[in-house]
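All of these numbers come straight from a predicted model, not from anything done at the bench. Ligands are counted one by one from 1 in listed order, and the atoms in each one are counted from 1 as well.
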Amino acid sequence: MTSEFDIIRRYFTRDSSAVLGVGDDAALIEVAPGHHLAVSTDMLVSGRHFFPDADPFKLGHKSLAVNLSDMAAMGARPRWAALSLALPEVNELWLQKFSEGFFALAGEFNISLIGGDTTRGPLNICVTIMGECKPGEALRRDGARSGDEIWVSGTIGDAALALAALQGRVSLRPDELAHCEQALHAPQPQVGLGIALRGIATSAIDVSDGLLADLGHILARSAVGAEVYFDKLPVSELIAARLSDASARQCLLAGGDDYQLCFTAPAHLRPQVLAAAGSLNVRVTKIGRTSEANGLILLDALNRPMDVQTRGYDHFA
Ligand code: ADP
Ligand code: MG
């Protein structure tokens with residue numbers, strides 16, 4: 001018989017940088033003097049955020065990656081994580097692979113797992129991430145000013161295209177699917193970029209629910225509008241080749257799960273934006289500008305407003 005405590009000890013207890021880590025009633029952490037603690041939680045539910053038979057290594061990676069992405073979007077330096085797991089049964093191989101995936105990414109970013117909860121129930125993975133940022137340096141959603149340039153890191157749409165293919169809504173060749181599945185199952189959070197954009201970006205968000213919806217959150221919180229140029233949106237060759245297809249456009253504009261950063265910065269700081277991204281070898285693309293007007297206007301290559309009927313992902317819509 002494997003007990004709850006065996007699971008915690010075997011799979012989730014590692015050295016940590018905390019004052020007190022796994023094993024007591026609460027962890028104790030010491031935040032760097034004069035810093036704020038940035039805290040965020042993201043939950044992955046079986047059948048909703050991932051297929052029940054998903055590869056456990058990739059699930060371990062992704063459950064931490066989506067949380068790291070929130071730290072990236074704040075410009076915070078992630079340091080600690082708590083992991084709450086509901087498991088239908090004790091599956092040693094699953095736990096081994098899941099924890100390997102989780103700790104592989106944690107190691108990359110020097111994250112300590114400092115606590116959590118383990119219980120029986122329908123498979124559910126909830127991670128709380130904690131990080132540090134200096135007061136006044138966090139990249140909030142409410143800082144965009146009219147006339148700022150709007151940027152996106154990496155390429156977007158591939159993760160949603162993979163999901164569409166796995167659900168049988170579009171058909172892809174096996175090599176194409178393999179490429180997009182990487183974006184869907186193994187997103188690389190832009191932690192370095194978020195930190196490098198401190199003092200440069202006026203606002204930021206990670207693209208988890210779809211570009212237009214997530215940019216819309218920045219616009220609403222900052223009380224500005226935006227013009228976005230459709231033909232400037234950074235896409236992979238796969239999406240580029242399919243842009244005449246409505247479902248590919250939907251993936252690009254409203255597909256979630258890419259975990260790239262969308263951010264705004266004043267036009268005169270463009271060289272700093274490019275230098276920050278360039279030093280990290282991250283591609284950033286200017287996709288538009290914020291405006292005084294309300295709402296978001298998507299313009300085609302001839303500067304004509306496009307009909308935007310796409311919405312981002314909403315669990316209750
Ligand atoms: P309590 O009964 O006080 O809630 P638990 O028995 O649930 O404590 O947990 C024991 C210790 O193991 C605590 O330090 C808790 O934070 C940690 N823990 C439980 N589950 C996990 C997990 N999945 N990953 C990391 N730490 C965990
Ligand atoms: Mg508990």
Side-chain angles (χ1 to χ4, degrees), residues 1-32 35-72 74 76-133 185-189 191 206 208 257 259 315:
M1 273 297 287
T2 307
S3 77
E4 177 189 328
F5 304 102
D6 294 331
I7 295 175
I8 297 166
R9 188 164 31 79
R10 245 182 248 165
Y11 301 106
F12 299 114
T13 306
R14 303 251 179 125
D15 284 345
S16 98
S17 69
V19 178
L20 185 61
V22 168
D24 214 308
D25 293 307
L28 300 174
I29 56 180
E30 185 167 16
V31 182
H35 283 64
H36 284 161
L37 184 66
V39 183
S40 176
T41 297
D42 251 328
M43 180 158 65
L44 299 187
V45 177
S46 177
R48 171 120 323 247
H49 299 95
F50 58 90
F51 297 105
D53 62 348
D55 176 340
F57 184 94
K58 289 176 179 160
L59 215 45
H61 170 102
K62 187 164 178 176
S63 61
L64 182 58
V66 302
N67 278 274
L68 291 177
S69 182
D70 285 317
M71 292 286 108
M74 292 305 288
R77 182 180 298 284
R79 304 253 348 240
W80 307 280
L83 168 66
S84 296
L85 274 180
L87 303 167
E89 69 201 334
V90 178
N91 177 335
E92 305 262 352
L93 185 62
W94 190 95
L95 281 161
Q96 184 63 38
K97 295 285 170 206
F98 175 86
S99 59
E100 280 172 11
F102 185 97
F103 282 114
L105 188 62
E108 231 178 275
F109 290 96
N110 256 314
I111 310 296
S112 295
L113 181 62
I114 58 165
D117 202 16
T118 305
T119 170
R120 190 188 287 271
L123 183 58
N124 192 336
I125 305 157
C126 183
V127 173
T128 296
I129 190 92
M130 286 152 274
E132 293 169 329
C133 59
H185 296 314
Q188 286 300 322
V191 172
D206 61 323
S208 58
D257 280 331
Y259 298 99
H315 286 282

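- Ligand 1 lies less than 4.0 angstrom from a heavy atom belonging to Phe5.
- Applying the 4.0 Å criterion to heavy atoms of Phe12 picks out, from ligand 1, the atoms 23 (N), 24 (N), 25 (C).
- Ligand 1 has no N or O atom lying under 3.5 Å from any N or O atom of Leu85, backbone or side chain.
- Without hydrogens or angle criteria, Ser63 side chain to Leu59 main chain gives a donor-acceptor distance under 3.5 Å.
- Of the possible donor and acceptor atoms, one in the side chain of Ser3 sits under 3.5 Å from a partner among the backbone N and O of Phe5.
- Of the N or O atoms in Ile8, none lie within a sub-3.5 Å distance of an N or O in ligand 1.
- Ligand 1 places these atoms under 4.0 Å from at least one heavy atom of Thr118: 19 (C), 20 (N), 21 (C), 22 (C), 23 (N).
- Between atom 3 (O) of ligand 1 and the options Asp117, Leu95, Thr13, Asp25, the minimum heavy-atom separation is to Asp25.
- Below 4.0 Å from some heavy atom of Glu4 lie the following atoms of ligand 1, by number and element: 6 (O), 7 (O).
- Atom numbering of ligand 1 starts at 1 in the shown order; those under 4.0 Å from a heavy atom of Leu113 are 24 (N), 25 (C).
- A donor and an acceptor atom, one from each side chain of Glu100 and Gln96, are located under 3.5 Å apart.
- Not one N or O on the side chain of Arg79 forms a donor-acceptor pair closer than 3.5 Å with the backbone of Gly131.
- Remark: the backbone N or O of Phe57 is paired with a side-chain donor or acceptor of Asp55 at under 3.5 angstrom.
- Using a 30° and 60° split on the angle between ring planes, Phe12 and Phe98 fall in the perpendicular class, above 60°.
- Put simply, the side chain of Asn67 gets close to the backbone of Asp42: a donor and an acceptor are under 3.5 Å apart.
- Not a single N or O atom of Gly21, backbone or side chain, sits closer than 3.5 Å to an N or O atom of ligand 1.
- The atoms of ligand 1 that sit less than 4.0 Å from any heavy atom of Asp24 are 13 (C), 14 (O).
- Inclusion of Ser84 in the set of residues having an N or O under 3.5 Å from an N or O of ligand 1 is not warranted.
- The two residues Gly21 and Ser16 make their nearest non-hydrogen contact at CA-OG, 4.1 Å.
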